Amino acid sequence: METSPFPFSKYPSSTKSSPMKGTAIIPGDKSISHRSVMFGSLSCGKTIITGLLEGEDVMNTAQAMKEMGAKIEKKENGIWEIEGVGIGNLKQPENTLEMGNSGTSVRLLMGICASQPIKTRFSGDASLTKRPMERVTIALEKMGAKFIYEKEQGKLPLSMEGAQQITPIKYKLPIASAQVKSAIILAGINSPKITTVIEPHPTRDYTENMLKSFGADITSKLNDDGSKTITIKGGKQLTGCNINVPSDPSSAAFPTVAALINKDSEIILPNIGINPLRFGLYETLIEMGADITLVNQKEESGEKVADLIIKGSNKLKAINVPKSRVPSMIDEFPIFAVAASCAVGTTHMEGLAELRVKESDRLAMMAKGLKSCGVNLEEGKDTLTIHGTGTPPKGGTLIETALDHRIAMSFLILGTVTDETIFIDDSSPIKTSFPDFINLMNNLGANING
Ligand code: S3P
């Protein structure tokens, strides 16, 4: 039933679809792509990257590394080649490093620049300039870098000056954040002494894993209380290497949930990264009764990958998501909330404070958008409780996406099952992480209008 054609019809929209069928190649992992470009640029010699995500965020990282002296080129067959400058040899950029929408770019690059004797200026778009930066700059100041916030304390734009000689620190992370952890490790890489990061709640470990492939002296130890201690002894050069970027489990989450909520679907998503520190959404969905099978498990560039087979055969049953699982599905809560809205029963999520400082306040944006689609829910300070009826909500509304790619994609997925069309105010942020999302979803059977 098509409704509300006016005044929303000029907006991107999603309407009820046929079951999802087929195989879809999901683009490269965003976190791994950023790191491969950064570490390749910092190394001596050549780094060859296959499967790099060519979304806007990663391209902003590449542009910044070029401004600081790295040679980065796309070759035939989609392979990227980087000629690095070596640690300590980054060139002072002439221009502001414009980071667009990308928190990972700016926070990791601040870590890298903290130990280089150069001055840099960072800025970003209307979303990024609202996001907190002190979580990184406070730690990097302890290591000797200097920061000047130009407009508002803790927010971009900022100017920074790297330390002549970085001071290694021992730092216990006050929040579970792979970006903060990575920034400190990357600053420590230019000191011959030992920098230590303790993470009470382990987060994605791509920085640690990939730095090892580049020859860094880095160790991680899981402690008895579940925390992790990471040490890096820097002061030696990294060596360029070959990286195969697996497909992104966060991007794969969108077709996965689409297949689960559209009855009779069956899709295959090859070569998805299944690092346990990123796999929380899939574990949760499986506990809710989702039919997800992992086949062809193997290891590529030190990361585990598998092909996922997803069938829309069962109705999802609501659960309480354990708080301890939040870091491993931190980017998936928007699309998970869509799945919970279609499930039978009450799904409760807690420990979600970090969602408020992502590309948008994701807790507020999801709660508001889902409510307007007819979902019965309660939003708390750091909790979300969704009462599913086992039938999709009504839809038929215009969703505000606040420059957030994952909010935009989540509601376009929900629109594949609602009786009435869902419109979103802006689909352009999708290109930051998943440029081909609409085509890929439509090839599987969705009815999305870009
Ligand atoms: C990322 C870490 C996470 C995640 C972001 C990517 C990374 O951020 O939300 O999308 O690549 O390190 P936090 O470290 O702020 O949790």
Side-chain angles (χ1 to χ4, degrees), residues 27-39 52-53 55-58 60-61 99-112 124 127-128 130-140 154 156 171 173-186 197 199-211 228 230 243 245-246 248-254 273 275 277-281 303 323-336 351-363 382 403-407 409-410 429-430 432-434:
D29 188 289
K30 185 148 77 75
S31 295
I32 296 180
S33 294
H34 279 300
R35 287 159 173 81
S36 63
V37 171
M38 289 178 192
F39 304 170
L52 186 78
L53 169 64
E56 213 172 69
D57 282 6
V58 177
N60 283 331
T61 289
M99 303 286 86
N101 195 255
S102 179
T104 308
S105 305
V106 67
R107 295 195 178 118
L108 269 61
L109 283 175
M110 286 197 286
I112 288 175
S127 153
L128 190 58
K130 289 196 194 90
R131 298 181 66 186
M133 294 299 145
E134 280 186 319
R135 52 185 55 204
V136 170
T137 61
I138 286 174
L140 296 178
L156 295 182
Y171 195 75
L173 294 181
I175 41 170
S177 167
Q179 293 178 354
V180 179
K181 167 178 66 176
S182 301
I184 300 165
I185 293 172
L186 289 168
V197 182
E199 44 174 8
H201 309 284
T203 61
R204 64 192 73 191
D205 53 4
Y206 301 131
T207 297
E208 299 92 300
N209 297 345
M210 199 187 292
L211 279 177
K228 243 186 184 179
I230 299 118
I243 304 281
V245 181
D248 195 318
S250 298
S251 298
F254 298 101
N275 182 322
L277 294 165
R278 278 293 288 292
F279 216 59
L281 169 80
E303 289 295 334
K323 203 172 168 180
S324 58
R325 196 178 284 160
V326 170
S328 68
M329 57 183 286
I330 189 70
D331 292 332
E332 280 65 80
F333 280 97
I335 189 63
F336 178 66
L352 305 185
E354 275 297 297
L355 293 195
R356 297 209 181 269
V357 290
K358 293 293 177 190
E359 284 82 330
S360 69
D361 177 344
R362 286 185 173 157
L363 194 42
D382 67 346
L403 283 181
D404 191 327
H405 54 135
R406 298 199 204 281
I407 301 290
M409 289 187 277
S410 297
I430 295 175
T432 61
S433 68
F434 199 162

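Everything quoted here is computed from the prediction, not taken from an experiment. All values below come from the heavy atoms of this structure, side chains included, with hydrogens, waters and symmetry mates left out. We number each residue from 1, following the sequence as shown. One-based numbering, in listed order, for ligands and for the atoms of each.
- Checking Glu56 against Thr432 by side-chain atom types alone, no donor-acceptor pair falls below 3.5 Å.
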Item to complete: Let me see the working for Ser433 and His405 under side-chain hydrogen bond (donor to acceptor under 3.5 Å, both in side chains), right down to the final yes or no.
Response: CA-CA 7 Å; Ser433 68; His405 54 135; 2.7 Å; yes
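- In this structure, Ser127 OG and Asp361 CG are separated by 11.5 Å, a value rounded to the nearest 0.5 Å.
- Residues lining ligand 1 at a heavy-atom distance below 4.0 Å are given as Ser31, Arg35, Thr104, Ala176, Ser177, Ala178, Gln179, Arg204, Ile330, Asp331, Lys358, ordered by chain and residue number.
- Taking OG of Ser36 as the reference point, atom CD1 of Ile243 lies at 6.5 Å (rounded to 0.5 Å).
- With values rounded to the nearest 0.5 angstrom, Leu108 atom CG is found 5.0 Å from Arg35 atom CZ.
- In this structure, CD on Glu332 lies 6.0 Å from CZ on Arg278, to the nearest 0.5 angstrom.
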